[in-house]
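Notes for the one structure printed next.
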Amino acid sequence: MHKPALPLEGTDTFNDQIRIVLVETSHSGNIGAVARAMKNMGLGNLWLVNPASFPDETSYARAAGASDVLDRAQVVASLDEALADCVLVMGTSARGRKVPWPVIAPPQAAITACEASQQGLVALVFGRENHGLSNEELQRCHYHIHIPSNPDYSSLNLSMAVQVISYELRMHFLRSLEEGESSPYLESMVAPGDRGWDVPPAAVHDVEGFFGHLEQVLVDVDFHRRNNPRQLMPRIRRLFQRARLDQMEINILRGILTSVQKAAGTLPGSEQKKTTAADTEGEGQDTSHV
């Protein structure tokens with residue numbers, strides 16, 4: 001009937017303590033999409049209050065590899081049944097109410113939910129696709145969660161709302177791990193020297209050698225005049241310094257410059273001979289820099 005489930009994470013999930021509750025979902029495909037959103041973020045405890053249709057082929061098709069979340073889903077007839085054994089209830093709300101209620105944003109909701117989950121079950125309640133939770137249902141909640149979407153187009157698809165809250169839960173959980181254990185998930189990798197970068201950063205000596213080589217090539221091709229330099233080289237230096245080059249990138253750029261000199265006939269004589277001999281010896285071989 002449905003695709004086999006992918007393995008669900010084990011120890012680093014809130015599977016048993018955080019309960020996602022969907023109230024009277026009218027489209028079964030949304031239930032499948034919610035299951036997928038939950039599993040993406042390590043959640044697996046789904047409760048359905050009086051769904052229009054479940055289980056069915058559409059819900060499992062939309063769940064993709066999260067069919068195990070649907071297999072475990074609990075179907076109940078009332079919201080009372082879904083909340084009875086919970087110690088904290090938080091409901092999503094997109095609009096203001098006549099009686100003010102404690103309202104928190106998703107990041108704070110995640111912190112509050114995770115802290116309360118150490119004492120017992122926490123329910124996160126999501127309403128109907130067309131009009132959300134009723135006033136009476138919202139009054140069953142300790143907190144209302146408001147997702148600050150675009151006020152000119154504030155309506156979120158059910159699975160999108162679940163994804164937002166689930167993501168915040170996931171991020172809070174990862175931050176709560178020991179530093180060494182959580183860092184692979186949260187560390188950025190944007191430049192040489194960052195963990196995971198494949199080549200070490202270029203040393204200052206090598207970068208300066210590149211700048212000298214580049215300036216010589218620009219002179220060779222009549223683009224740069226040393227007796228009237230203006231701000232060309234400082235601006236080029238600033239450009240490449242922003243890139244924070246690694247060792248292989250320096251080698252590639254130096255190779256390009258050497259090829260330009262060769263094509264322009266400006267490569268120093270001894271180097272021209274060495275390059276020509278190397279080209280002859282290397283015919284038919286891969287001489288690329290990468």
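Counted by atom type alone, S159 and N157 present one or more donor-acceptor pairs between their side chains at under 3.5 Å. Counting only N and O atoms by type, the side chains of D220 and Q216 include a donor and acceptor under 3.5 Å apart. A donor-acceptor pair shorter than 3.5 Å can be found between the side chains of D56 and S28.
A donor-acceptor contact shorter than 3.5 Å links the side chain of R19 to the backbone of A82. The backbone N or O of V219 lies less than 3.5 Å from no partner atom in the side chain of H224, so there is not a single donor-acceptor pair. Put simply, the side chain of S166 never gets that close to the backbone of Q163: no donor and acceptor are under 3.5 Å apart. Put simply, the side chain of S59 never gets that close to the backbone of P55: no donor and acceptor are under 3.5 Å apart.
The aromatic rings of W101 and H144 sit parallel, their planes meeting at an angle under 30°, below the 60° perpendicular limit.
F210 has its side chain out of reach of E249: every pair of non-hydrogen atoms, C-beta onward, lies at least 4.5 Å apart. Counting heavy atoms from C-beta outward, T92 and L156 have side chains that stay 4.5 Å or more apart. Counting heavy atoms from C-beta on, the side chains of F126 and I165 come closer than 4.5 Å. For the pair C114/L169, a side-chain contact is recorded, criterion being any heavy-atom separation below 4.5 Å from C-beta on. Inter-residue side-chain proximity for Q108 and E168 is flagged as unmet; no heavy-atom pair is nearer than 4.5 Å. Contact of the V75 side chain with the P51 side chain is registered, since non-hydrogen atoms from C-beta on lie closer than 4.5 Å. Under the 4.5 Å side-chain criterion, counting only non-hydrogen atoms from C-beta, L79 is not in contact with L133. Taking the side chain as every heavy atom from C-beta outward, C141 and P102 never approach each other to under 4.5 Å.
Taking CG of L88 as the start and OG of S117 as the end, the distance is 9.5 Å to the nearest 0.5 Å. Rounding to the nearest 0.5 angstrom, the gap separating the CZ atom in F54 from the CG atom in N30 is 13.0 Å. Note that CD of Q17 and CD of Q119 are 9.5 Å apart. Values are rounded to the nearest 0.5 Å. Atoms CD1 and CE, from I111 and M171 in turn, are 12.0 Å apart once rounded to the nearest 0.5 Å. Here the CG atom belonging to L43 is positioned 8.5 Å from the CG atom belonging to L124, to the nearest 0.5 angstrom.
A 6.0 Å sphere centred on CZ of R226 holds more than 12 heavy atoms belonging to other residues, nucleotides or ligands.
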Review point. After noting the C-alpha distance and the side-chain angles of D68 and K39, does the key distance pass the salt bridge (Lys or Arg N to Asp or Glu O under 4.0 Å) rule?
Key: CA-CA 9 Å; D68 56 334; K39 189 164 182 176; 3.0 Å; yes
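In the hydrophobic cluster analysis, where Ile, Leu, Val, Met, Phe, Trp and Tyr join through side-chain heavy atoms closer than 4.5 angstrom, M233 is grouped together with I250.
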